[in-house]
Every structure is written in C-alpha cells, then in structure tokens.
Amino acid sequence: MGNYLNELNEQQREAVIHKEGPIMIVAGAGSGKTKVLTTRIAHLMSQHKIDAFNILALTFTNKAAAEMKERVEKILGNSEARNLYIGTFHSVFARMLRAEGPKIGYPNNFTIYDTDDSRSVLKTVINEMNLDDKHYKPSVVHNRISQAKNALVGPAEYQNDYYIQQEDMRSNRPLIGQIYQSYAARCFKNGAMDYDDLLFKMYELLRDFPEVLYKYQHKFKYIMIDEYQDTNAVQYQIIKLLAAVHENIAVVGDDAQSIYSFRGATIENILQFQKDYDDVKVVKLEQNYRSTQSILNVANEVIKNNKGQIPKDLWTENHEGEKIRLVRTMTDNDEGKFVADTIQEQKLRNHFYNRDFAILYRTNAQSRSFEESLRRMGIPYRIYGGVSFYQRKEIKDVLAYLRVIVNTRDEEALKRIINYPVRGIGKTSIEKAVIFANEHNISMWEVLTKAGEFGFKAGALEAISNFVIMIKYFQSMLSSKNAYDVAVQVGKHTNIVKDLFNDKTTEGLARYENIQELFNSIKEWTESPSNDDGELGDKTLGSYLQQITLLTDADDDKENSDVVKLMTIHAAKGLEFACVFVGGIEETLFPSAMSINTREELEEERRLFYVAVTRAKKNLWLTYSNTRYRFGQLVQNEPSRFIEEMPEQYIDRSFAGGGARNQGYNDFGGTSAFDRMSGGSGGWKSNSARVAEKYGPPPTKKETKPAYMPVAPAAPKVVEHQPSADFSASDTTGLQVGQKVEHQKFGFGEVLKMEGSAHNPIATVKFHLNGEKKIMLNYAKLRIVD
DNA sequence: CCGACCCGTTTTTTT
DNA sequence: AACGGGTCGG
C-alpha cells in the first residue's frame with residue numbers, strides 16, 4: 001500500500017485525490033476508468049479515514065462490483081473492503097428494500113421476479129381480464145410496463161398520460177394501462193418485485209419516507225457510479241436524492257459506450273450532471289492503455305460518424321500493431337470454422353492461451369456455429385449469457401419451493417410446485433383456489449390453509465392438507481437451519497432429487513447434476529464470509545433467494561480457467577481480451593434490422609460497434625458471412641455499413657473478397673492442418689482438395705507468411721461415405737459405449753465415450769472412413785446399427 | 001393425467 | 001432449427 005498513486009497518470013491521480021464535491025470523469029475506452037474508481041475508494045479509506053460503511057459504489061454488473069471490491073482489498077491489504085456497499089444498482093437496492101420493505105407494504109422476504117416470472121404473472125392477469133394474450137402479448141406488454149417504470153411512470157400516470165395513451169391506441173392495445181395497474185397490484189399481493197420495481201420502489205421509498213431518505217443520505221458520505229452513461233431516469237433520480245446532502249459523488253462514464261438506451265438509459269444524464277451540481281470537477285481520461293494504435297484508430301474513426309459526441313482526443317503510446325483483419329465467409333458455419341481454425345493457429349504460432357480469445361456477437365443466437373466449430377477442434381470454451389443456470393426448469397422448480405417457504409404470498413412459485421411432483425392437486429383444484437383467493441382478496445396460500453371452508457372434494461382436500469403440512473414443516477426449519485440445510489430437506493422430502501436420480505435418460509442425468517450443483521452453490525454461499533453490517537450479513541434462505549435472482553451466469557465465472565469466451569457485445573462491455581473476433585458484421589444483424597429506422601438507433605449500434613472493437617488489446621478479426629440461417633431459413637446479408645466507415649490503412653482485406661485469391665472462398669477449416677494435430681474433424685469435405693489447391697500447402701514454421709494468414713487446408717485423400725439407402729437418424733436415447741453407429745457423412749463407427757449435457761449430448765465416435773478417426777459430436781445425427 | 005403430436009413463435013441487447 | 005404451449009387420445 002502507499003505507492004498506488006504512482007501507478008496513475010496525472011489525470012487519473014487528479015480524479016483519485018479530489019476529496020470533496022461532485023466530480024465527473026469522462027473517459028475513453030481502456031483509459032483505466034474502473035481503476036480510478038477503485039483507487040479512489042482505497043485512497044478515501046486509507047488517507048481520509050473514511051469508513052467503509054459510508055461508501056457506496058454502484059455498478060452495472062456483479063462482476064464489475066466483485067472486481068472493484070477485490071482490487072480495493074488488494075490496495076488496502078486488509079479486509080476492511082468487505083464492509084463497502086459495492087454492487088449493482090439492483091442488488092444494492094434489493095438489500096435496502098429488504099430492510100425497509102415493510103414501510104411500503106412488502107415483506108422483508110419479498111420475492112424478486114425475473115423476466116419469466118413477470119411475463120407469467122402478466123399472462124395470468126391478461127387472461128383474467130378476458131383479453132387475448134395473442135394480441136396483448138406478455139412480452140410486449142412487459143416491455144411497455146418496464147419502460148414506464150424506468151421513466152418513473154406509475155400505473156395511474158400511465159393511464160392519464162395523453163401521449164402514452166395515444167401510442168397504445170395506435171398499436172391497438174389501449175388497455176395496457178389497465179393491465180399495468182392489475183399487474184402492479186398482483187405483484188404487490190404476491191409480495192414480489194420485478195427487476196424494474198427494485199429501482200422504482202426504491203425511488204418511491206426515498207421520495208415518500210423522509211426518515212429513510214435521511215438515513216441513507218447521511219450514511220453514504222461518498223458515492224461512486226461506474227458506467228454512468230448507462231443510467232436511466234429512475235437511477236438518476238435515486239442517485240440525486242442519495243447524493244443531495246454530501247454531494248460527494250463521483251461518476252465515470254463514456255458517452256461513446258452508451259449501449260443501453262433500450263432499457264431507458266440516456267446520455268442526457270451525463271450532460272445534466274454539470275447542471276445539477278455547482279462546481280463540478282470534470283476530469284478527462286484520454287490516454288488508452290489497452291489497444292494498439294490500429295485498433296484505436298479504427299474505433300475512433302467509426303465513432304466520428306455519430307453526431308453530438310462529447311469531444312475527446314483519445315491517444316495511446318502503444319505500438320501500431322497489426323492491421324484489423326476483415327474476413328468474409330460463405331456461410332455462418334464457415335465463419336465458425338474460420339474462427340476456430342484461427343484460434344488454434346494463433347495459439348501455436350504466437351503462444352496465446354485459450355483465455356486470450358473472445359468471440360463477440362450481436363445476438364445470442366449467433367453463438368451456435370462458433371460453439372460447434374470449437375467443439376470439433378477440441379478447444380474449450382465458455383458461453384456467457386444466454387439461458388442462465390437459474391432459468392433451467394429443474395432449478396426453477398427447487399427454487400420455487402424455497403420461494404414459497406420464505407414467502408407464501410408468492411403465487412407464481414406456489415402454482416409451479418403445488419402439483420409437482422404429482423400429489424393429486426389437479427387443474428380444477430388450482431383454478432378453484434385461485435378464484436377463491438381473488439374473491440376473498442386473500443392469498444392463494446391462505447385459501448389452501450383454510451381449504452376446509454371452501455368446499456373442496458374430499459380427495460383434493462386431503463392432498464391440499466398434506467401439502468400445507470409439508471410446507472409448514474419446511475418453514476419450521478427456517479429459524480434454526482441455514483439455507484443449505486433447508487434446501488436439502490426440500491430435495492429429500494419432496495422426492496424431487498430421488499425422482500431425478502431414477503431418471504436415467506441423458507436429460508434426467510443432466511438435471512440431477514444441475515440440482516446437485518445448485519445445492520453445492522447454496523452451500524458455498526452459506527459458508528462464505530458475511531460482512532459486519534447486520535442488515536446485510538445474514539445467511540438465511542430469504543437472503544439467498546434475493547441475491548440469486550440478480551445473478552447472471554457471467555458472474556460466477558472461474559476466472560482463471562483457460563477457455564475461449566463467447567458472449568454478446570453488450571456482455572463484453574468493461575472487459576478486454578488480447579484477441580477478439582467479432583462475428584456477423586452484416587446488415588440486418590449488425591446494425592440490427594430493428595435499429596436502422598432512426599438516427600438515434602443507428603448511432604447506438606455504432607457505439608456498440610465501438611465497444612466491440614475497443615475490447616481488443618492486440619489482434620482483432622471482423623468476420624461476416626454471405627449467408628446464414630435465421631429462423632431455420634437461409635438468408636443473404638450485405639456486409640455491414642460499418643465496414644465502409646473504417647479507415648482503409650488499418651484494414652487487411654485479403655480475406656474479405658474482391659481479390660483474385662478470394663474467389664470461391666467457401667471452405668475454411670474442417671480440414672486444416674491443425675485438425676489432424678488436435679485429433680479433430682477433417683477429411684470428409686469433398687471440396688477441401690480443391691480449396692487446398694487454391695491456397696497452397698499448409699504453413700510450416702519456416703514460412704514467413706504473416707501470422708494472420710488462415711491455415712490453408714491440407715489436401716486429404718477423400719473418400720465420401722455413401723449413407724445407407726434408408727439412412728435416418730435413430731432414437732439415440734439408449735446409446736451406449738461400444739455401440740456401432742452410422743453417420744451420414746462420416747460413415748460407420750463405434751462409440752468410445754459419452755459426455756456432455758442433455759442439450760449437448762456429446763459422443764466420441766471412432767469412425768473407420770479414411771483411416772481411423774476419433775470425432776466428438778452431438779449424437780443426435782447418428783443411426784444405431786444393430 | 002400423461003405422452004405424443006402439432007403449431008406458432010422466435011432473435012437485439014440485460015438487471 | 002428448436003422450443004414451448006396447446007390439444008387430443010389413451
């Protein structure tokens with residue numbers, strides 16, 4: 001400790017040591033923004049003896065929060081940092097609402113609804129109003145309500161706002177306001193908040209309860225906000241309230257990286273900041289420490305096409321580096337192969353590790369072709385985002401039990417588990433219970449506890465009674481047992497675990513493993529150290545459930561695991577990688593077809609492009625494909641307009657078509673030299689010989705070809721397998737090691753090993769075609785030979 | 001009350 | 001292409 005200031009440049013230091021009053025740090029990509037915030041926190045604590053309890057730092061991802069905490073701890077060299085209030089907006093407010101919830105009529109153990117829960121409640125409400133959920137689609141209505149909440153518009157204001165009503169009329173959904181009202185009432189009745197409520201209710205709490213406002217205003221003497229350009233109206237108002245007393249607020253942001261306007265974020269908040277406080281200190285961080293000059297120049301040049309950026313003069317002392325490689329392929333699969341091939345090649349040639357690579361894309365659906373190619377090459381990877389672990393069915397089932405135990409008002413969870421596993425409470429009984437609950441304005445749970453008074457049939461009555469007794473039994477454990485012990489009891493007592501264990505299908509096995517993983521993670525959480533602040537240090541089930549809903553699977557990453565990372569560009573913000581591939585640089589995909597209608601939308605896409613490019617430290621590949629599958633249909637896309645906006649001198653287009661050597665560039669990979677080295681795929685492509693002719697022999701170490709040249713495919717002796725006349729993939733549920741199988745392309749073989757998950761059943765098969773080959777594949781395409 | 005089958009939707013991005 | 005919801009038959 002002590003010399004941390006020496007690591008900073010002049011501007012960074014200025015921002016760190018600025019003690020009192022508001023400060024706005026306008027910073028470019030890779031300029032050490034987060035470093036400044038963390039150092040500032042450490043500096044306040046060590047030099048100015050500010051107590052950790054009095055510092056609030058808000059971020060947009062759990063990962064950023066965890067990193068910050070870790071780094072502060074490292075600088076300070078003690079464990080003081082664990083008492084800091086560092087977290088995402090949502091998780092910090094959830095904690096506060098947990099403490100203050102009863103003031104606004106919510107239980108301390110209120111449930112947090114994720115997007116699926118919200119839509120499910122909406123569907124219920126829409127049906128109860130006798131509206132058509134095909135027209136009033138829950139997802140559409142949810143977006144609308146979400147936007148309203150983020151703009152501080154409650155149900156009443158929504159229905160009274162002329163322009164909002166006009167919009168709803170125009171889309172022929174005039175009743176959204178009423179749905180909003182019912183939805184809010186239902187969530188409240190269920191003792192539940194959705195993601196947006198965590199912000200919206202926090203604002204109302206501070207607005208309506210002066211004593212609460214007073215408490216937190218005085219508690220938080222210093223406030224830091226990361227990624228300030230991504231704040232929306234509610235967040236802005238909350239920050240303003242919290243900071244009003246001390247005005248020791250430091251915000252860091254880059255207007256060029258504002259990419260969350262779809263959830264209400266507005267860079268207006270940056271411009272407004274200087275108007276809201278007197279004497280704002282503004283610091284600009286313009287030196288980039290991350291990327292090569294080529295990368296930075298490309299990013300800067302493209303972003304210049306946006307109007308109204310805050311002028312910044314970004315520069316770097318880094319080397320110019322290699323040119324940005326622009327790569328065109330014929331199909332999305334070829335794109336995947338190119339990337340996997342190039343990763344393999346770069347690893348060997350330039351001694352990169354898997355963890356040095358990231359593959360970024362605009363939409364989650366694009367991950368598939370990359371996954372497949374990586375798997376074939378045997379390159380380990382991890383996908384961030386997409387369907388989170390906690391959204392899996394079996395996980396949600398167990399969590400639903402836990403939710404009901406903690407908050408019996410949670411009707412969504414109750415309905416999910418009341419007859420799972422089957423216990424004789426059928427559809428009719430459930431409907432009855434819901435109707436009774438609505439009629440008597442009590443919770444569904446209360447109906448169940450007093451089932452005798454509501455005239456259920458004898459059989460149903462007994463089933464309900466047993467169910468109620470069981471849940472009450474679980475509840476009796478809450479005070480004496482921790483989250484893990486309760487969860488284990490639930491698993492045992494409900495037979496969920498046993499049922500899954502007995503399910504020997506691949507899916508059942510995977511589900512069983514997932515449940516075990518859930519239990520392990522609960523245990524881990526239960527045993528992790530808590531902080532000294534009583535109000536948030538608890539290890540109860542209620543506390544567990546609240547934080548779990550706010551977790552993304554990007555958060556619990558095994559930081560050091562040596563894998564290639566795949567994620568959307570949105571998810572990549574704030575991260576950096578030595579080598580970056582950005583896929584699908586095509587019109588209708590990037591920029592998205594949804595976002596080309598207004599200048600604002602298009603500029604956000606361009607900022608997204610800026611974010612993607614500036615993730616790279618050393619090497620950057622931009623790939624696009626002539627054709628790709630979308631909704632199961634082959635579509636053709638033009639190259640993205642962003643490609644033309646890049647300055648020529650930093651671009652290597654030698655694999656982007658146009659030149660003679662690129663004609664018919666349609667088969668990368670599958671048969672590269674590295675395939676054989678890695679025991680991967682290869683050898684069956686009929687046209688690889690042709691391609692090899694065009695590109696010459698595979699590179700050797702002696703060659704002085706630039707490092708970025710793709711690996712030319714070898715010219716294998718190809719024998720095409722002729723599938724049996726009646727070939728069709730069989731039901732492979734019973735597939736076993738040793739089984740003889742046929743594959744349409746690879747021919748006959750024998751199963752060596754089986755692994756993977758239900759979604760990705762992987763078998764290693766030894767095929768006999770073209771000599772023995774071991775291939776890992778998703779075995780859905782196999783025929784069992786008897 | 002469960003499975004098999006059919007049909008419609010999905011893909012912009014996230015807490 | 002793949003998943004979820006709905007329907008129908010056993």
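In what follows, chains are A, B, ... by sequence order, proteins preceding strands, each numbered from 1. The shown structure was predicted, so the numbers you read here are calculated from the model rather than taken from an experiment.
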Check whether any side-chain heavy atom of A/Thr329 sits under 4.5 Å from a side-chain heavy atom of A/Thr623, and report yes or no.
no
At under 4.0 Å between heavy atoms, what does [X] touch on the DNA or RNA strands: base, sugar-phosphate, or nothing?
X	answer
A/Phe89	nothing
A/Phe60	sugar-phosphate
A/Asn419	sugar-phosphate
A/Thr115	base
A/Lys573	nothing

Donor + acceptor pair across side chains of [X], [Y] (<3.5 Å):
X	Y	value
A/Gln237	A/Gln235	no
A/Glu100	A/Tyr216	yes
A/Asp410	A/Thr111	yes
A/Asn333	A/Tyr629	no
A/Tyr183	A/Ser118	yes

Distance in angstrom units between [X] [atom1] and [N] [atom2], rounded:
X	N	atom1	atom2	value
A/Leu58	B/dT15	CG	C1'	13 Å
A/Tyr361	B/dT14	OH	P	9 Å
A/Arg95	B/dT15	CZ	P	17 Å
A/Gln391	B/dT15	CD	C1'	11 Å
A/Leu550	B/dT15	CG	P	10 Å
A/Lys396	C/dC3	NZ	P	17 Å
A/Lys149	B/dT14	NZ	C1'	16 Å
A/Asp117	B/dT15	CG	P	16 Å

Cation-pi, A/Tyr384 ring and A/Arg382 (6.0 angstrom, 45 degrees)
yes
Quick test: give all pairs of protein nitrogen or oxygen and nucleotides 5-10 of chain C nitrogen or oxygen below 3.5 Å, distance rounded to 0.1 Å.
residue, atom, partner, partner atom, Å
C/dG6, OP1, A/Lys123, NZ, 3.0

Side-chain donor/acceptor of [X] to backbone N/O of [Y], under 3.5 Å:
X	Y	answer
A/Asn305	A/Val302	yes
A/Asn407	A/Asn190	yes
A/Gln547	A/Ser91	no

Nearest of [options] to any side-chain atom of [X]?
X	options	result
A/Phe631	B/dT13, B/dT11, B/dT15	B/dT11
A/Tyr260	B/dT14, C/dA2, B/dC1	B/dT14
A/Phe262	B/dT15, B/dT14, C/dA2	B/dT14
A/Thr61	B/dT13, C/dA2, B/dT15	B/dT15
A/Thr568	B/dT11, B/dT13, C/dA2	B/dT13

Most 5' of A/Ser91 and A/Ser139 on DNA chain B, judged by nearest nucleotide
A/Ser139
5'-most by nearest nucleotide on DNA chain B - A/Ala365 or A/Ile425:
A/Ile425
Ignoring backbone atoms, establish whether A/Asn364 has a side-chain N or O less than 4.0 Å from OP1 or OP2 of B/dT14.
yes
Hey, is A/Tyr195 doing a stacking thing with B/dT14, by the 5.5 Å centroid and 30° angle criteria?
no
Ring center gap for A/Tyr106 and A/Phe188 short of 6.0 angstrom:
yes
Of all heavy-atom pairs linking A/Thr614 and A/Tyr610, the shortest is OG1-O, 2.8 Å
Please list residues of residues 592-615 of chain A whose heavy atoms come under 4.0 Å from any atom in DNA chain B, ordered by number; otherwise none.
A/Met594, A/Ser595, A/Glu605
Produce the list of close N/O pairs, under 3.5 Å, pairing protein atoms with atoms of nucleotides 3-7 of chain B; give distances to one decimal.
none

The test is side chain to side chain contact (heavy atoms under 4.5 Å, CB included); show your working for A/Phe370 and A/Phe581 and say whether it passes.
CA-CA 11 Å; A/Phe370 296 115; A/Phe581 298 85; 5.9 Å; no
